[in-house]
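Working notes, beginning with the structure itself.
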Amino acid sequence: MARRLTCPYCYETFAPREIRFRCNSRLSPVGKRCERRRDPVLDERFGRRPSHEVGPDFAADGRRSTAVHPDCESETTYRICPVCHVELPVQFGMVENRLIAMVGARSSGKTIYMTVLLHEVRNQVGERFGASLMGLDDTTMRRFSTEYEDRLYRDRQMFPPTQTATTNANRVEPLVFRFGLRRKKLFKEQPQHTVLSFFDTAGEDFNSRESVELNTRYLTNADGIILLLDPLQMPGARNNAAPGTALPALDGIDPPINVLSRVSSMLLAARGGKAARVDTPIAVVFSKMDAFWHLMESGSPLRSHDAARGRFDVSDSLSVHEEVRQLLKEWDGVSIDQSLENTFSRYRYFGVSALGRSATAESRVADLGIQPYRVADPLLWLLSEFGSVPRTGRG
Ligand SMILES: Nc1nc2c(ncn2[C@@H]2O[C@H](COP(=O)(O)OP(=O)(O)OP(=O)(O)O)[C@@H](O)[C@H]2O)c(=O)[nH]1
Ligand SMILES: [Mg+2]
Ligand SMILES: [Zn+2]
Ligand SMILES: [Zn+2]
């Protein structure tokens with residue numbers, strides 16, 4: 001089968017030649033200019049945004065980086081997704097394009113985790129790994145700073161529940177970034193780019209079978225999955241949380257094992273029941289670990305570690321993996337372990353804390369501020385599975 005590409009915005013797949021172009025509406029060499037107009041495909045997908053007029057789109061050989069618009073004879077470099085008509089990243093199809101879907105039950109901490117993770121990667125982690133993370137498009141840049149970063153870091157507020165993809169018909173907009181890493185190849189240092197698309201689902205979309213299916217496309221076409229599980233939603237763990245921890249309400253919330261089962265059966269079904277196990281790497285991330293630090297020995301890898309520099313530390317990651325597996329036994333989570341083992345050929349446990357402590361009773365960031373712990377590990381593991389981040393230590 002010919003290589004297929006996946007759009008980082010709508011997660012639909014297509015062949016490289018199917019990529020369409022958009023006229024740049026500039027004065028062409030023959031003195032013509034195509035007028036800007038509304039694009040019904042964009043309108044349908046994102047609603048009628050004011051002042052969103054664009055050049056006309058047309059078909060041409062999408063394997064090339066430019067095309068000449070027959071109407072005006074202007075050459076354009078503006079390539080768009082044949083399905084959703086959003087502009088594709090420069091060099092799309094030529095650089096690595098990795099889609100990461102994030103799933104988890106309601107209130108498991110997905111939005112906060114994603115915000116802190118991206119903030120960290122743009123700052124501390126970026127510095128240690130010689131990596132950079134840039135919003136690929138104006139919408140991502142604007143949304144990430146105003147809707148996410150400002151709210152948590154500047155206004156110190158938690159997030160309202162993320163809107164479901166059902167009421168938001170077709171309007172799910174992933175945040176799309178370019179992750180750049182300086183890598184030594186032979187004798188010279190070369191930047192290597194990976195397009196990362198983050199899709200923050202609404203927890204309630206995983207509470208019923210029908211709504212899970214809405215997210216099927218995002219999950220089945222993702223190259224990596226971050227499954228966030230909230231130990232505070234597991235009875236065996238919840239009762240041992242540090243006093244003062246803000247506990248999520250349990251009514252209407254599915255226990256983590258049910259979320260995992262739904263995701264698993266959906267992925268298996270999408271593979272036509274042929275593959276014995278799903279080969280998409282899945283990072284199984286236990287959130288809010290700050291609530292359990294008081295129970296851990298000081299030497300536990302879930303409490304202290306040296307931040308890795310420049311490479312993904314395999315042995316450190318495996319010790320966290322084993323530690324979490326042990327905790328799962330105490331948390332009555334053995335079924336989670338068995339389910340993962342039976343469904344996924346590549347899974348790894350992580351224990352993180354995005355905030356470093358519980359939010360205040362008023363749902364605000366605590367006075368001491370945000371002190372994340374190990375938030376970047378799951379992403380670095382996925383990137384190392386993709387071959388985009390080098391490894392160190394033995395596995
Ligand atoms: N103790 C602790 N609590 C956290 C942490 N991260 C999130 N929380 C709490 O969990 C709540 C829910 O976090 P969100 O990120 O909004 O959860 P979500 O998974 O996006 O929820 P939905 O959008 O409804 O699916 C927050 O309001 C915090 O009270 C953490 O690292 N530690
Ligand atoms: Mg959310
Ligand atoms: Zn034109
Ligand atoms: Zn698309």
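For ligands, and for the atoms within them, numbers begin at 1 and follow the listed sequence.
Taking 4.5 Å as the limit, some side-chain heavy atom of Leu136 sits within range of a side-chain heavy atom of Tyr9. Using a 4.5 Å cut-off on side-chain heavy atoms (C-beta onward), Phe129 and Leu380 make contact.
Under the rule for a salt bridge (Lys or Arg N to Asp or Glu O under 4.0 Å), Arg364 has no partner lying at least two apart in sequence or in another chain. Taking Asp290 as the reference, nothing meets the salt bridge (Lys or Arg N to Asp or Glu O under 4.0 Å) condition, with sequence neighbours excluded.
Put simply, the residue from Val284, Val103, Ile282, Leu382 that forms a side-chain contact (heavy atoms from CB on, under 4.5 Å) with Ile226 is Leu382.
Chaining together hydrophobic side chains whose heavy atoms lie under 4.5 Å apart places Tyr78 alongside Ile80.
Distances below 4.0 Å separate heavy atoms of Ala354 from the following atoms of ligand 1: 31 (O). Near Met158, the atoms of ligand 1 lying under 4.0 angstrom from a non-hydrogen atom of the residue are 26 (C), 27 (O), 28 (C). Here is the list of ligand 1 atoms found below 4.0 Å of a heavy atom in Pro161: 23 (O), 24 (O). Against a heavy-atom cut-off of under 4.0 Å, Ser353 is close to the following atoms of ligand 1: 31 (O).
When OG1 of Thr111 and OG1 of Thr162 are joined through the Mg ion (ligand 2), the resulting angle is 90° to the nearest 10°.
Around the Zn ion (ligand 3), protein N, O or S atoms at a distance under 2.8 Å total 4; waters are neither shown nor counted.
With hydrogens and angles left out, the side-chain atoms of Arg277 and Ser345 include no donor and acceptor closer than 3.5 Å.
When every heavy atom of Ile336 is checked against every heavy atom of Pro256, the shortest pair comes out as CD1-CB, 4.2 Å. For Arg143 against Pro174, the heavy-atom pair with the smallest separation is NH1-O, 4.1 Å.
Considering backbone and side-chain N/O atoms, Tyr113 never comes within less than 3.5 Å of an N/O atom of ligand 1. At least one N or O atom of Gly109, backbone or side chain, sits closer than 3.5 Å to an N or O atom of ligand 1. Close N/O approach between Ser107 and ligand 1 is found [any backbone or side-chain N/O within under 3.5 Å].
Using cut-offs of 30° and 60° on the angle between ring planes, the pair Tyr148 and Phe144 is parallel.
Of the candidates Asp230, Thr115, Ile112, the one placing a heavy atom closest to atom 26 (C) of ligand 1 is Ile112.
Only the side chain of Asp290 comes within 4.0 Å of ligand 1, counting heavy atoms alone; its backbone N, CA, C and O stay farther away.
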Could you walk me through whether Asp377 and Val352 pass side chain to side chain contact (heavy atoms under 4.5 Å, CB included), step by step?
CA-CA 8 Å; Asp377 290 9; Val352 307; 5.7 Å; no

